[in-house]
Amino acid sequence: QVQLVESGGGSVQPGGSLRLSCAASGFTTNYYVIGWFRQAPGKEREGVSCISRSDGSTAYADSVKGRFTISINHAKNTVYLQMNSLNPEDTAVYYCGAVRVVGPGLPPTVDYVYASWGQGTQVTVSS
């Protein structure tokens, strides 16, 4: 099973930036989707972004398009989420997840069901 270790959360002011990291291990094939989802108090889990490990395809939720960038460093088996122009609506616990898929590409929605996920990291955006 894929193991995921998250880091990079913290507290920032509106307009600030953070980069979340998700170090992964245990991949058995190149065909995985890795992504980020978040959950704020009293709200349902929301898919944020995902990336295909095999072909690099990316997808984003409408709420973060143009502000967040997902990337992968294959040598380090680490997925990053660069978050810019943060606002209080981004405050949530952020989780990374991974799921094995049958081939390249991404599912039609960023709101994906993952087989493995990390422990979560808190992101707080406030003045």
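Keep in mind that what you see is a predicted model, and the values were worked out from it rather than measured.
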Joint cluster assignment, [X] & [Y], ILVMFWY side-chain distance < 4.5 Å:
| X | Y | answer |
| --- | --- | --- |
| V110 | V79 | no |
| I72 | W36 | yes |
| I51 | L81 | yes |
| F68 | V125 | yes |
| Y114 | V64 | no |

Could you check whether any side-chain N or O of [X] sits under 3.5 Å from a backbone N or O of [Y], counting only pairs where one atom can act as donor and the other as acceptor?
| X | Y | value |
| --- | --- | --- |
| R53 | T29 | yes |
| N77 | S25 | no |
| E6 | L20 | no |
| S49 | Y60 | no |
| Q39 | V93 | no |
| Q3 | G26 | no |

For [X], look at atom [atom1] and say whether over 12 heavy atoms of other residues, nucleotides or ligands are found less than 6.0 Å away.
| X | atom1 | value |
| --- | --- | --- |
| Q119 | CD | yes |
| R67 | CZ | yes |
| E89 | CD | no |

*Which heavy atom of A92 sits nearest a heavy atom of Q122, and at what distance?*
O-NE2, 3.4 Å

*asked:* Ignoring hydrogens, what is the shortest heavy-atom contact between L4 and A98? Give both atom names and the distance.
replied: CD1-N, 3.9 Å

*asked:* For F37 and Y95, take the angle between the two ring planes, folded into 0 to 90°, and tell me which bin it lands in: parallel under 30, tilted 30 to 60, perpendicular over 60.
replied: parallel

*Please report the C-alpha distance between S63 and R38 in whole Å, then the side-chain angles of each, then the deciding distance to 0.1 Å, and finally whether the side-chain contact (heavy atoms from CB on, under 4.5 Å) criterion is met.*
CA-CA 12 Å; S63 60; R38 64 189 182 184; 3.5 Å; yes

*side chain to side chain donor-acceptor pair (under 3.5 Å) evaluation trace for T109 with D111*: CA-CA 5 Å; T109 176; D111 193 9; 5.4 Å; no

*Passes side-chain contact (heavy atoms from CB on, under 4.5 Å), L106 versus V33? Steps please.*
CA-CA 7 Å; L106 295 170; V33 170; 4.0 Å; yes

*I would like to know whether Y31 and V102 meet side-chain contact (heavy atoms from CB on, under 4.5 Å); could you show each step before the answer?*
CA-CA 6 Å; Y31 298 131; V102 298; over 6 Å; no

*Could you check if a side-chain atom of P14 sits within less than 4.5 angstrom of a side-chain atom of N87, using non-hydrogen atoms only?*
no

_Show, in sequence, the C-alpha distance, side-chain angles and deciding distance for V123 and M83, and conclude whether the side-chain contact (heavy atoms from CB on, under 4.5 Å) test is met._
CA-CA 10 Å; V123 172; M83 305 186 295; 3.9 Å; yes

*Test S54 against S52 for side chain to side chain donor-acceptor pair (under 3.5 Å), laying out the working first.*
CA-CA 5 Å; S54 60; S52 167; 3.1 Å; yes

